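Before I ask anything, here is the structure I am working with.
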Amino acid sequence: MSSYSSSHTASSSYSSSKELSENEEPETRNWLDLPRDVTASILLKLGAVEILTSAQHVCTSWRSICKDPVIWRTIDMQNLGDLHIMPDDLEILCRRAVDRSCGQLVDINVEYFGTDDLLKYITDSTSHLRRLRLVYCDDISDEGLCEVAGKLPLLEELDISIGNISKDSLEVIGRNCPHIRSLKFNMEVFRRPHIELDDEAFAIAKTMPELRHLQLFGNKLTNVGLLAILDGCPRLESLDLRQCFNINMEGALGKRCAEQLKDLRRPNDPTDDYPFDATIPDGGSFDEDYPLGISDTDFLSDDDYEYDFYAFSDGSDISDDVGYYFDPDTY
């Protein structure tokens, strides 16, 4: 066969194959054909808010899966301060999620909302909680956390970031939760290194001897508090002291940390992987931070301050941004 014939035959065959493939209808897959456990795994990645407000309304099959208590062993109430979903609405959704867990809840994350009443509701619903994460939960108090500490005998991980909790809660948690292995107690950072406060460090050292992992981002502890932690938590493996500017890691203390710990984050280490805003306000001198007559202690308590409203940079009130309607009976 000549090269032209071979080439022509191959070209014709390719054209016929191409024409056939173009005429074929694309293969489609039905999400409802997925095994139930696979669908459940996919839905879990959405988070509790999206499941309750969207996913469960897609079809009967998904709604059935969304009511399975297994789905709610872990409840992720992630929220980035969305103004269209008010805190009261989020609390209602969270209670719905807790109800669906039917006592099987082991892990819960609450962000940018939450009250003492909600915390009590959560801990009344389960005795199996192993992980509790409270982020920017300004309405959860020392009293509220102390009240529920006795209901958390199996707690292994506690994350309290940017809240109003003090050493009092840490002490009560430490005494009531002997299985605590991981603690994150993070604060917003202000460049006032002359505020020195070792109370939280002493509470941790005194009541949490089994700690393996500790993050104290932005804490005001000093070398004295750090030494107390190293002595009181002999099993500690990782310690994050980023932006703890009262710590001096030179000399014997730095050497001991290097010898005792497998992973150490120092005060001036990078903060790229820290999940919250780590920007340090730097507008003026340290003296300007303190008006005459106001002490360090005054800055450690804001009980006398009340905020009646929030306003945007353009001067509009937050109440102007309306348009989200929440019907609790739907969930």
Side-chain angles (χ1 to χ4, degrees), residues 142 157-175 177 180-282 284-290 294-302:
D142 275 321
E157 296 182 38
L158 177 62
D159 182 346
I160 301 176
S161 293
I162 328 296
N164 292 322
I165 302 304
S166 74
K167 59 99 176 175
D168 296 329
S169 292
L170 291 178
E171 285 187 3
V172 175
I173 286 287
R175 293 194 188 101
C177 309
I180 289 279
R181 300 291 185 270
S182 175
L183 173 66
K184 294 182 179 181
F185 189 70
N186 301 318
M187 301 179 177
E188 288 186 295
V189 181
F190 297 94
R191 215 180 248 290
R192 298 190 182 103
H194 48 291
I195 296 179
E196 297 181 352
L197 190 66
D198 284 314
D199 289 357
E200 293 99 358
F202 292 153
I204 292 167
K206 183 166 58 176
T207 64
M208 302 183 186
E210 298 299 320
L211 269 187
R212 267 61 165 186
H213 309 284
L214 176 61
Q215 184 177 71
L216 293 173
F217 197 101
N219 200 277
K220 295 300 179 184
L221 82 163
T222 69
N223 284 16
V224 175
L226 176 53
L227 281 170
I229 289 173
L230 294 175
D231 289 338
C233 307
R235 298 176 182 271
L236 199 62
E237 299 175 6
S238 68
L239 178 60
D240 188 344
L241 296 171
R242 283 176 293 176
Q243 298 194 2
C244 295
F245 295 120
N246 293 326
I247 296 292
N248 184 346
M249 302 295 293
E250 301 297 327
L253 181 59
K255 182 179 179 181
R256 179 175 175 184
C257 286
E259 292 174 348
Q260 184 170 337
L261 303 168
K262 296 179 180 178
D263 181 18
L264 174 64
R265 310 295 290 274
R266 297 170 180 269
N268 290 302
D269 281 354
T271 60
D272 301 8
D273 62 341
Y274 186 64
F276 311 111
D277 183 10
T279 304
I280 303 172
D282 195 13
S285 69
F286 296 143
D287 292 335
E288 289 174 343
D289 284 341
Y290 288 86
I294 298 180
S295 68
D296 288 348
T297 305
D298 292 319
F299 275 99
L300 296 176
S301 174
D302 58 358

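Treat the numbers as computed from the prediction; the structure is a model and nothing was measured.
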(request) Working to the nearest 0.5 Å, report the span between OG of S238 and CG of L264. (result)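 If we round to the nearest 0.5 Å, S238:OG and L264:CG are 9.5 Å apart.
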
(message) To the closest 0.5 Å, what do you measure between CD1 (I180) and CE (M208)?
(response)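 With rounding to 0.5 Å, CD1 (I180) is 5.5 Å from CE (M208).
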
(message) Give me the atom names and distance for the closest heavy-atom approach of R265 to P270.
(response)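 Closest pair (atom of R265, atom of P270, distance): NH2-O, 3.7 Å.
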
(message) Nearest 0.5 Å, please: how far is CG in N223 from CD in E196?
(response)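 It comes to 9.5 Å.
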
(request) Keeping to residues at least two apart or across chains, list the salt bridge (Lys or Arg N to Asp or Glu O under 4.0 Å) pairs with something in residues 198-217. (result)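 Sorted result for residues 198-217: E171-K206, E210-R212, E210-R235.
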
(message) Could you go through F202 and V224, starting from their C-alpha distance and side-chain angles, then the distance that decides it, and tell me whether this counts as side chain to side chain contact (heavy atoms under 4.5 Å, CB included)?
(response) CA-CA 9 Å; F202 292 153; V224 175; 3.9 Å; yes

(message) side chain to side chain contact (heavy atoms under 4.5 Å, CB included), that's the test. Do L211 and L183 meet it? Break it down for me.
(response) CA-CA 7 Å; L211 269 187; L183 173 66; 4.0 Å; yes

(message) Show the nearest heavy-atom pair for residues K220 and N246, with the distance to one decimal.
(response)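 What the structure gives for the nearest pair is O-ND2, 3.0 Å.
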
(message) Within the 4.5 Å heavy-atom criterion, are N248 and L253 side-chain neighbours or not?
(response)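 The answer is no, as the side chains (C-beta and beyond) never meet within the 4.5 Å cut-off.
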
(message) Could you report the tightest heavy-atom contact between M249 and I247, atom names first, then the distance?
(response)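 Closest pair (atom of M249, atom of I247, distance): SD-CG2, 3.2 Å.
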
(message) Quick check for you: to the nearest 0.5 Å, what is the distance between K167 atom NZ and L170 atom CG?
(response)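 Interatomic distance, K167 NZ to L170 CG, rounded to 0.5 Å: 10.0 Å.
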
(request) Identify the heavy atoms of L197 and N219 that sit nearest to each other, and give their distance. (result)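 In terms of heavy atoms, the two residues are closest at O-OD1, 4.0 Å.
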
(request) Quick one: pull up CG in L216 and CG in L239 and give me the separation to the nearest 0.5 Å. (result)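 Atom-to-atom, L216:CG and L239:CG are 6.5 Å apart.
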
(message) Using the side chain to side chain contact (heavy atoms under 4.5 Å, CB included) criterion, which residues pair with Y274? Sequence neighbours excluded.
(response)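 Scan of Y274 (side chain to side chain contact (heavy atoms under 4.5 Å, CB included), adjacent residues dropped) gives I162, N186, Q215, F217, R242, T271, F276, A278.
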
(request) Go through the steps to decide whether K184 and D240 satisfy the test side chain to side chain contact (heavy atoms under 4.5 Å, CB included), and finish with yes or no. (result) CA-CA 9 Å; K184 294 182 179 181; D240 188 344; over 6 Å; no

(message) When you measure from the side chain of D231 to the backbone of A228, do you find a donor-acceptor pair of N or O atoms at a distance under 3.5 Å?
(response)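 Looks like no, no N/O pair under 3.5 Å.
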
(request) Show the numbers, then the answer: is there a side chain to side chain contact (heavy atoms under 4.5 Å, CB included) between H213 and E237? (result) CA-CA 6 Å; H213 309 284; E237 299 175 6; 3.9 Å; yes

(request) Locate the shortest heavy-atom distance separating C244 from G218; write the atom from each residue and the value. (result)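 Heavy atoms only, the tightest pair is SG-N, 3.9 Å.
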
(message) Which heavy atom of S169 sits nearest to which heavy atom of I165, and what is that distance?
(response)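 Where S169 meets I165 most closely, the heavy atoms are CB-CG2, 3.2 Å.
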
(message) I need the F185 CZ to L221 CG distance, nearest 0.5 Å.
(response)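 Taking CZ in F185 and CG in L221, the distance rounds to 11.5 Å.
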
